[in-house]
Amino acid sequence: MPSTDTIVALSTPYGSGAIAVVRMSGPDAVAMAEQLCGKKLTRQVHFCSVPHLDDMVVTTFRAPHSFTGEDVVELSCHGSLFIQQEIQRRLIDLGARPARAGEFTQRAFLNGKMDLMQAEAVADLIAAQTQAEQELALKQLRGGVSGELAVLREHLLRLTSLLELELDFGDHEDLEFADRSELKQLAEQIEHKLTALTESFKTGNAIKNGIPVAIVGKTNAGKSTLLNALVGEDRAIVSDIHGTTRDTIEETLIIEGVLFRLIDTAGLRETNDVIEKQGIERSRKAIEQAQIILEVIDATCPEETMQGEKVVHVYNKADLHRVPGQLCVSAKQGDISALKQYLVEAAGKLQTEGNIISSVRHYEALCRALEAIRKVQDGMQNGLSGEWLSEDLQECLNALGEITGQITSQEVLNNIFSKFCIGK
């Protein structure tokens, strides 16, 4: 429904600066700005001198050609805290009300300027701290995943309507409007795409929170020295005494715009020390959860102990001995450029060319959609009637609709937009 009130908020970060931007959206936004400035805003951009306050640039975006789909006005003023607050106070006196957190983006969603998934991507884009996060959020904002889900829903809606049409002609038991072979083929295609999207969540989550990298190996191989070299500070205690590291130590590192979550683990060995045993157990859990496992090996007495797709052997103490054809570093001397390059390349392989999801809400909804479409496949295999197939298809449709906002409660909307900053 169209908004009947006009909202106002500061869109730039709170505090003094060179300039600040106060934003309004709503049916009376232009009229209020004209009253404040004392002149008609006939062009998109005006220079206005507000008596006893400030000189500012006023930019108007007429509905529906604006971010929110409503009339929007942005007032660019000098960044004095007093000026920012006084502009908002005067506009509130003219009838505007303070915007709630995320209300500008919420209005954009409600006015059909973007779907819910794209709206959430706005918040992710603002919060992005690395290039990988920025690229992921921008891809979702531009409708990468939304477009794929829209195509799936369109096919499901058509077949669901045909199945429900069969129910209207229940007296004719042998009458089928929905081709079962076509439905089977479509269900397989949808199941394949939903599986790919749900599996991409692990990568998307790693991009947002850091790709987990476990640094493992035997005691005194140089794991803690390597962690310190990577992060550029003495984060872990280094000692020649075996079993010095008794717990996992976690640090984050950004390399070429990619966030890594480095986990230094206790040395893997047999021990009777109760505390060290607990540390080794935590190390094993870190290994299970990691997407990249760096097994640090002493190059002076090389001995590989781990194998697997996620494992890379890193031969440390290259200043004393180099192993030909292997990834060699000298953590003590800070010679780790080859390892950093490997991590960047490994991260690139994790980020597939297909669409990636990073939201827990999206993941949970996709899991429900996947479960429903698998029920459809089982139902066709067991010869279930169109009535039962239609019910499972509708469940799949509803789950996909929750992601993009076709089916969303007000409570869910309020929860999503309450996490936005005010003014966006």
Side-chain angles (χ1 to χ4, degrees), residues 1-5 7 9 25-26 63-70 72 99-128 133 136-161 190 193-194 196-198 200-201 204-205 208 354-373 391-424:
M1 295 295 293
S3 303
T4 58
D5 54 355
I7 57 176
S25 179
H65 308 294
S66 70
F67 176 73
T68 64
E70 305 170 337
V72 171
R100 296 185 295 270
E103 190 169 3
F104 288 93
T105 308
Q106 185 174 20
R107 290 189 176 200
F109 163 68
L110 294 173
N111 291 326
K113 302 296 289 187
M114 60 179 68
D115 64 34
L116 191 56
M117 194 173 199
Q118 291 173 298
E120 290 172 282
V122 172
D124 289 340
L125 190 59
I126 293 172
E133 284 184 85
L136 177 60
L138 193 60
K139 188 173 183 179
Q140 292 186 354
L141 179 59
R142 291 175 175 171
V145 180
S146 298
E148 190 170 349
L149 295 181
V151 172
L152 295 182
R153 290 192 86 250
E154 183 180 346
H155 290 315
L156 284 169
L157 280 169
R158 184 173 64 84
L159 284 171
T160 301
S161 62
I190 292 173
K193 290 186 177 181
L194 291 178
L197 282 173
T198 52
S200 76
F201 174 69
N205 190 50
K208 289 182 71 172
N355 288 313
I356 298 173
I357 63 164
S358 58
S359 164
V360 174
R361 188 183 77 83
H362 303 161
Y363 174 73
E364 290 176 344
L366 284 169
C367 286
R368 283 188 278 113
L370 184 58
E371 182 182 0
I373 202 65
E391 185 175 325
D392 291 328
L393 282 173
Q394 190 60 53
E395 186 178 342
C396 183
L397 273 168
N398 291 344
L400 295 180
E402 288 178 22
I403 298 174
T404 51
Q406 285 95 338
I407 302 173
T408 307
S409 68
Q410 188 61 47
E411 182 181 359
V412 170
L413 289 179
N414 290 341
N415 180 57
I416 289 172
F417 289 107
S418 66
K419 298 173 184 175
F420 281 56
C421 56
I422 293 175
K424 190 55 183 174

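In this text the structure is predicted, and so the values were computed from the model without any measurement. Side chains included, hydrogens not; waters and symmetry mates left out as well; all remaining heavy atoms used. Note that the numbering runs from 1 along the sequence shown for the chain.
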(request) Determine, for Arg368 against Glu364, whether the closest basic-nitrogen to carboxylate-oxygen distance falls under 4.0 angstrom. (result) no
(message) Under a 3.5 Å threshold, yes or no: a donor from one side chain and an acceptor from the other, between Ser358 and Asn205?
(response) no
(request) Give the intermediate values and the outcome of side chain to side chain contact (heavy atoms under 4.5 Å, CB included) for residues Leu366 and Leu400. (result) CA-CA 7 Å; Leu366 284 169; Leu400 295 180; 4.1 Å; yes
(message) Within the structure provided, determine whether Leu136 and Gln140 are in side-chain contact (heavy-atom separation under 4.5 Å).
(response) yes
(request) With Lys424 as the cation and Phe67 as the aromatic partner, state whether NZ or CZ is under 6.0 Å from the six-membered ring centre and within 45° of the axis. (result) yes
(message) Set out, in order, the CA-CA distance, both residues' side-chain angles and the distance that settles side chain to side chain donor-acceptor pair (under 3.5 Å) for Glu411 and Asn415, then state yes or no.
(response) CA-CA 6 Å; Glu411 182 181 359; Asn415 180 57; over 6 Å; no
(request) Could you grab the distance from atom CG of Leu197 to atom CD1 of Ile356, nearest 0.5 Å is fine? (result) 10.0 Å
(message) So Phe104 and Ile7, do their side chains get closer than 4.5 Å, heavy atoms only?
(response) yes
(message) If you define the side chain from C-beta out and look only at heavy atoms, does anything of Ile190 sit under 4.5 Å from Leu152?
(response) yes
(message) Any carboxylate oxygen within less than 4.0 angstrom of a Lys/Arg side-chain nitrogen, looking at Glu120 and Lys419?
(response) no
(message) For Ser146 and Thr404, which I'm curious about, is there any donor-acceptor pair between the side chains at under 3.5 Å?
(response) no
(message) For Asn111 versus Thr68, what's the shortest heavy-atom pair and its separation?
(response) ND2-O, 2.7 Å
(request) Side-chain contact test, heavy atoms from C-beta onward, threshold under 4.5 Å: evaluate it for Ile416 versus Gln106 and give yes or no. (result) no
(request) Taking atom types as modelled, find out whether Gln394 and Asn398 have a side-chain donor-acceptor pair closer than 3.5 angstrom. (result) yes
(message) Under the rule for side-chain contact (heavy atoms from CB on, under 4.5 Å), what residues qualify as partners of Ala63, not counting sequence neighbours?
(response) Asp71
(message) Taking Glu148 first and then Lys193, would you say they form a salt bridge - that is, a charged N and a carboxylate O separated by under 4.0 Å?
(response) no
(message) Is there a side-chain contact between Ile357 and Met117 in this structure, where contact means two heavy atoms from C-beta onward sitting under 4.5 Å apart?
(response) yes
(request) Taking ring-ring contact (aromatic ring centres under 6.0 Å, His included) as the test, write out the residues that go with Phe201, two or more places apart. (result) Tyr363
(message) Quick test of your reading of the model: are Arg153 and Asp115 salt-bridged, counting only N-O distances below 4.0 Å?
(response) no
